[in-house]
Amino acid sequence: MMSISRRTAAAGVTLAAGAMLLTACSSGEGGEAASSSDAGGSKVELRVATFPPGADAAAYEAFATQEAQFEEANPDIDVIGVEYEWTGPTFAVQLAGGSLPDVFTVPFTDSKTLLENGQLMDVTDEIEELGYTDSFNPVILDGVTGADGHIYGFPRQAYAMGLHYNRDLFEQAGLDPDDPPATWDEVREAANAITEATGKAGYAQMAINNTGGWQLTAQTVSRGGRTQSDDGDGTYTSTIANEGTKATLQFLHDVRWEDDSFGYKVDLDWGTINQEFAAGNIGMYTSGSDVYTALVRDFGMDPAQYGLTVMPLEGDDPGTLGGGDIAVVSPTVDDATKAAAVKWIDWYYMQKLMDEDAAVADASALAAADQAVGTPVLPVLSRELYEQSQEWIADYINVPLDQMAPFTDRIWDQTPVGEPKGKTQEIYALLDPVVQTVLTDKDADIDALLAQADADAQALLDQ
């Protein structure tokens, strides 16, 4: 899931899931390339995804700088930025309606379904020509590889799930922001302390627009459970009714009903929980490790308030749910636009991961516009290449790394677990009401909810 930053979002991402709005930031309509004549001759107009609606002016200033750099190197391409935000429930409608940009991003969780439906452009030859095929983490590359062995997108960023917390609220509650909770019991204790001291929600969780199921799955994994098993023959078995999922729902019940430290908003999704957290109304929540950029850029959070740590782990086989997103080309574009799209993806997303000059140019443009540089992510390439890239841009990193140290120091010791592959978004949507019921009904029967969800999920998987 998100993100997107989706996102991601994440990130991502990479990802995430607010209301998708697509609005051209400059002239240009339609999903296919158009030609425009000027003194320099014919140009390919390329519509590319930029930021969610509401991003600040500085974000667009940084994008304008990068756009100008790209167009100087590629004078035959006219880049047109388009506002874009991923959301699972409406994506298919937007794609079918032709309102998506020529280049956009989708979460790993949806790439398999989209490519199976013929909704992504085959870029196998282009990736091989660029020499990237053997550079990607094989596990991540699998997310964009079809049954035919062809590649349908560029993995551009990945994230691990983390626990985000407000350092100011921690201090007001007498908690040490440099020593955040390491167990789920400690999370509950800290949430209670924050609410008692500040009246704010000590802990909150996403619950709608597929994000409830996403975060329920993430916390299930952190408690040693899995919501689905891969049968190895293209089929999947639902395992939602496991002890990890049950413990997660019991945790939510207890924080909400016994401690009264959850807060009154039980209908949050990726966008609204980020907004509430950035405004200082939530002490802790879980999401992708890459969400800092969106919190500061899109929601106006004061960086000094931000803290990030790893997900608490417990149980026999705990792990950290990971995700991310891929840059893809609309399947409706012509050959000239496809070629331009691949050039943009390579320049804007990929080169900064592998080339020092590109990494420095990207980081300097972002830093000059006061955009986040150095937000914690998981590498889509090797750990060695990632750490090398961080050295290249060290002079431009402007995120509070010391406030993220509880995450960056420990994430490599946690076992990454990919998101479920079978009917991912549909099952996330199916789990949303389970989370909502526990948060709105003090007497909710968790065992019965899980049994029904398991049956419903299996019916989806058997279709």
Side-chain angles (χ1 to χ4, degrees), residues 1-3 9-10 15-18 161-170 172-173 175 177 180-181 183-220 222-223 247-289 291-292 294-295 298-302 305-312 321 428 431-442 444:
M1 209 57 212
M2 331 295 119
S3 142
L15 332 77
M161 208 59 61
L163 178 69
H164 308 263
Y165 61 96
N166 185 301
R167 294 175 62 88
D168 283 0
L169 294 182
F170 264 54
Q172 292 175 38
L175 303 170
T183 68
W184 286 111
D185 285 343
E186 290 177 1
V187 170
R188 183 180 174 187
E189 293 168 3
N192 198 30
I194 289 169
T195 299
E196 289 184 353
T198 69
K200 304 291 182 67
Y203 179 88
Q205 190 156 317
M206 303 176 213
I208 65 172
N209 293 335
N210 300 16
T211 63
W214 175 44
Q215 289 305 302
L216 178 60
T217 301
Q219 293 191 28
T220 293
S222 77
R223 291 176 167 89
T248 299
L249 293 173
Q250 189 64 52
F251 167 83
L252 291 176
H253 173 276
D254 294 346
V255 172
R256 171 73 174 88
W257 298 107
E258 294 188 11
D259 304 340
D260 196 25
S261 57
F262 189 91
Y264 66 92
K265 292 191 175 182
V266 296
D267 58 351
L268 299 171
D269 62 9
W270 187 88
T272 51
I273 202 168
N274 288 337
Q275 184 176 29
E276 288 295 308
F277 182 72
N281 296 326
I282 294 172
M284 295 173 287
Y285 75 117
T286 59
S287 188
S289 60
V291 78
Y292 172 86
L295 289 170
D298 303 331
F299 300 100
M301 185 172 190
D302 179 357
Q305 296 180 351
Y306 180 76
L308 173 66
T309 188
V310 291
M311 291 281 281
L321 192 72
Y428 283 168
L431 291 173
D432 278 357
V434 175
V435 176
Q436 295 161 17
T437 299
V438 171
L439 293 175
T440 57
D441 180 1
K442 183 178 181 179

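The first residue of the sequence shown is numbered 1, and numbering continues consecutively from there.
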Do the side chain of W184 and the main chain of P312 share a donor and acceptor less than 3.5 angstrom apart? yes
Nearest 0.5 Å, what's the OG1-CG distance between T272 and L268? 4.5 Å
Would you check if N274 and D298 make a side-chain contact, meaning some heavy-atom pair closer than 4.5 Å? no
Can you confirm whether the side chains of Q250 and D254 place a donor and an acceptor under 3.5 Å from each other? yes
Once you round to the nearest 0.5 Å, how far does CG of D267 lie from OG1 of T440? 10.5 Å
Classify the ring geometry of F299 against W270: parallel below 30°, tilted from 30° to 60°, perpendicular beyond 60°. perpendicular
A side-chain contact here means heavy atoms from C-beta on lying under 4.5 Å apart; do Y285 and E276 qualify? no
So, does T195 use its side chain to make a donor-acceptor pair with the main chain of G202 at under 3.5 Å? yes
Would you say the side-chain atoms of W214 pair up with the backbone N or O of N209, donor to acceptor, closer than 3.5 Å? no
Any L295 side-chain heavy atom under 4.5 Å of Y306 side chain: yes
Kindly indicate whether the side chain of V187, heavy atoms from C-beta on, has any atom under 4.5 Å from the side chain of F251. yes
Please report the closest heavy-atom contact between S287 and Q215, naming both atoms and the distance. N-OE1, 4.0 Å
Between the CH2 atom in W257 and the CG atom in D441, the distance rounded to the nearest 0.5 Å is 7.0 Å
For the OG1 atom of T183 and the CZ atom of R188, what is their distance to the nearest 0.5 Å? 11.5 Å
Minimal heavy-atom distance between T309 and P181, with the atoms involved, is CG2-O, 4.2 Å
Should V266 and R256 count as side-chain neighbours, where that means a heavy-atom distance under 4.5 Å? yes
So which heavy atom on L252 is nearest to which on Y203, and how close? CD2-CE2, 4.1 Å
Parallel, tilted or perpendicular, judged at 30° and 60°: which one describes the rings of F170 and Y165? tilted
Spell out, as yes or no, whether a donor-acceptor pair under 3.5 Å connects the side chain of R167 to the backbone of G307. no
At what distance, to the nearest 0.5 angstrom, does CG of D259 lie from CG of N192? 4.5 Å
For G280 and K200, work out which heavy atoms get closest and say how close. O-NZ, 3.0 Å
Can you check whether E258's main-chain N or O pairs, donor with acceptor, with H253's side chain at less than 3.5 Å? no
Looking at D432 and I208, what are the two nearest heavy atoms and their distance? OD2-C, 3.3 Å
Heavy atoms only: give me the nearest I282-N166 pair and the separation to one decimal. O-CB, 3.8 Å
Do the side chains of M161 and Q219 get nearer than 4.5 Å, heavy atoms only? no
Say whether, by atom type as modelled, one donor and one acceptor occur between the side chain of Q205 and the main chain of T286 under 3.5 angstrom. no
L439 side, atom CG; F262 side, atom CZ - distance, nearest 0.5 Å: 4.5 Å
